[in-house]
2 protein chains.
Amino acid sequence: MRKKRKGCDVPEATIHRLPLYLEKLKLLQAIGVEDVSSRQLAESLDIKASQLRHDFHYFGGFSRPGRPYQVEKLVPALEKIIGIDEPVPTIIVGAGHLGQALANYQNLALQGFPVCGIFDVNPRLIGLEIRGQPIRDMEEMPRVVKEKNALIGVITVPAQYAQEVADRMVEAGIVGIFNFAPTDLKLPEGVALRNERMAVGLMALSFRVKCILESRLQHSPADEVGPPGESAAEGDGNDQVS
Amino acid sequence: MRKKRKGCDVPEATIHRLPLYLEKLKLLQAIGVEDVSSRQLAESLDIKASQLRHDFHYFGGFSRPGRPYQVEKLVPALEKIIGIDEPVPTIIVGAGHLGQALANYQNLALQGFPVCGIFDVNPRLIGLEIRGQPIRDMEEMPRVVKEKNALIGVITVPAQYAQEVADRMVEAGIVGIFNFAPTDLKLPEGVALRNERMAVGLMALSFRVKCILESRLQHSPADEVGPPGESAAEGDGNDQVS
DNA sequence: GGCCTTCTGTTACATCATTGACACCCAACT
DNA sequence: AGTTGGGTGTCAATGATGTAACAGAAGGCC
């Protein structure tokens, strides 16, 4: 209880980069690249090569010391680490616009998260089909979760219902919750949670925008947009300015 | 160029918490709470009070030293800091499912980001109305941006078009880009970017799920879900396990 | 008024993350 | 064979972030 022991001993920041590595590697794989060095891969992601090696270091060697990484080996290795070496059945609760958008987003399935159920309580929505899946009554959720062995649940209901939905998901056996509702969910031990709060992201962006506008006023009241220059993602990998 | 100077001198992590503070404060305000101490506010957000004070410290005093914060003062102060003391006109490019979901999400306007334009290139979509706004042809985007003084642009187009859209947004005068496409955009200086990559979030979640499943197997092959226990958001505030 | 409690602002410390440096490895070339 | 060039794994140093500790202000109470 002293140590964070957040499931594993891998740092937060590293975990967030793994998907990026995987994504880029799949892209390389698709165009037939066989080998890739830490420097090449890192540069294409705007991070330092040492960081990439450092990250990989948590999981033991991916290649013989002296040679670059082999894309064909690395992709499945990363998939296994992330836990998507086999599909992770996923359900969506809340078939509003966002829920439907997600259910329609076929990339989810391609990336290892096949949607095996969409649920709502609104009778108007129940029965509608999205990509072959009917929107089901919320009551059916536990049964479907068990049948399909769903592990991850996405919450796209209004904030006031989110906690209840989460509770029922956990009870049904869901192990990871992806929450789009702007609420702090309380979950029992042994359940992972990720909040995807878009308003927060927008406000962080707004802060930066404000700073930019201010600096424009200060530095040159009648200036045009600055000269172009590359910029790199940092932080949790979602933000940048310059 | 040595220092990160990411727009302002406020740390990343702090910026990401500001919206959470504001959200919670608005909630308190709505139920008539007048004063709130750093401890109360911090506890309700599952963070340490010292961190909250530390964060506020970047922006100078919000209250007389000896007394708790006044909600009525703090809310507008935070809004000003974040840059939403007045509405930030926002456009959406890409009227697919996700774009429509966002356009429908009235909370955006409530939180300070009124959608003043939705654009697409698909003739089938152009003309459809969403909450009173017609989906417009992409060609009209620059004009609308100037007319409405739009500052933030949301990109919800397929990845392969995202860079082009971003370029046109910047040219039109957009200062902040909220990108849902899984691409690394290259932007000129003086434009803020936030990537909202849902697949990345899902995979980070999957990693945790995998860890949980593994630990269940190890610790007690036939164990039930563990005893309930509170859990706290950490990292960029989006993840937690336990 | 003087004391006590509660609270903030601020500074110092501990922890985590990123970056740089280097030893060793492997293949290719001389 | 020896040597050169590029590569990874690893560790140490730097930088950023989170946490605790504390001095001093404001009001309530005696």
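Numbers restart at 1 for each chain; the letters A, B, ... are given by sequence-line order, proteins then strands.
Between A/His57 and D/dG9 there is no side-chain N or O to OP1 or OP2 distance below 4.0 Å. For the OP1/OP2 pair of C/dT6 and a distance below 4.0 Å, the side-chain nitrogens and oxygens of B/Arg67 include no atom meeting the criterion. Listed pair A/Ser50 / C/dG20 fails the phosphate criterion, with no side-chain N or O lying under 4.0 Å from OP1 or OP2. A close approach under 4.0 Å does not occur between any side-chain nitrogen or oxygen of A/Tyr58 and OP1 or OP2 of C/dA17. OP1 or OP2 of C/dC7 has at least one side-chain nitrogen or oxygen of B/Arg39 nearer than 4.0 Å.
Atom pair A/Asp9:CG and C/dC16:C1' shows a separation of 14 Å (rounding to whole Å applied). In this entry the distance linking CD1 of A/Ile15 with C1' of C/dC16 reads 13 Å, nearest Å. A straight line from CD of A/Glu12 to P of D/dG18 spans 11 Å, rounded to a whole angstrom. Atom CZ in A/Phe59 sits about 15 Å away from atom C1' in D/dG9, given to the nearest Å. What separates CG of A/Asp55 from P of C/dT19 is a distance of 10 Å, to the nearest Å. Rounded to a whole Å, the CG atom of A/Asp35 is 12 Å from the C1' atom of C/dA27. Following rounding to the nearest Å, A/His16 (NE2) and C/dC16 (C1') show an atom-to-atom distance of 14 Å. Atom CD1 of A/Ile47 is separated from atom P of C/dG20 by 13 Å (rounded to the nearest Å).
Here D/dT8 is the nucleotide among C/dT19, D/dT8, C/dC26 with the atom lying nearest to any side-chain atom of A/Ser38. When each of D/dG18, D/dA20, C/dT11 is scored by its nearest atom to the side-chain atoms of B/Lys48, the top-ranked nucleotide is D/dA20. Side-chain atoms of B/Arg53 lie closest to D/dC22 of the nucleotides C/dA17, D/dC22, D/dG7. When each of D/dT8, D/dT19, C/dA17 is scored by its nearest atom to the side-chain atoms of B/His54, the top-ranked nucleotide is D/dT19.
By the 4.0 Å N-to-carboxylate-O rule, A/Arg208 lies close enough to B/Glu12 to be salt-bridged with it.
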B/Tyr21 and B/Asp55: CA distance, side-chain angles, deciding distance, side-chain hydrogen bond (donor to acceptor under 3.5 Å, both in side chains) verdict:
CA-CA 10 Å; B/Tyr21 298 150; B/Asp55 284 342; 2.5 Å; yes

Apply the test salt bridge (Lys or Arg N to Asp or Glu O under 4.0 Å) to residues B/Lys73 and B/Asp35: give CA-CA distance (whole Å), side-chain angles for both, the deciding distance (0.1 Å), then the verdict.
CA-CA 10 Å; B/Lys73 296 250 173 83; B/Asp35 295 332; over 6 Å; no

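Residue B/Thr90 is tested with B/Leu108, B/Ile152, B/Leu102 for a side chain to side chain contact (heavy atoms under 4.5 Å, CB included); the sole match is B/Ile152. Of the residues A/Val75, A/Leu41, A/Leu52, A/Leu25, the one that meets the side chain to side chain contact (heavy atoms under 4.5 Å, CB included) test with A/Tyr69 is A/Leu52.
Residue A/Phe56 is classed as having no contact, given no heavy-atom separation below 4.0 Å to the nucleic acid.
Toward the 5′ end of DNA chain C lies the nearest nucleotide of B/Gln40, the other residue of the pair A/Thr14 and B/Gln40 mapping further downstream.
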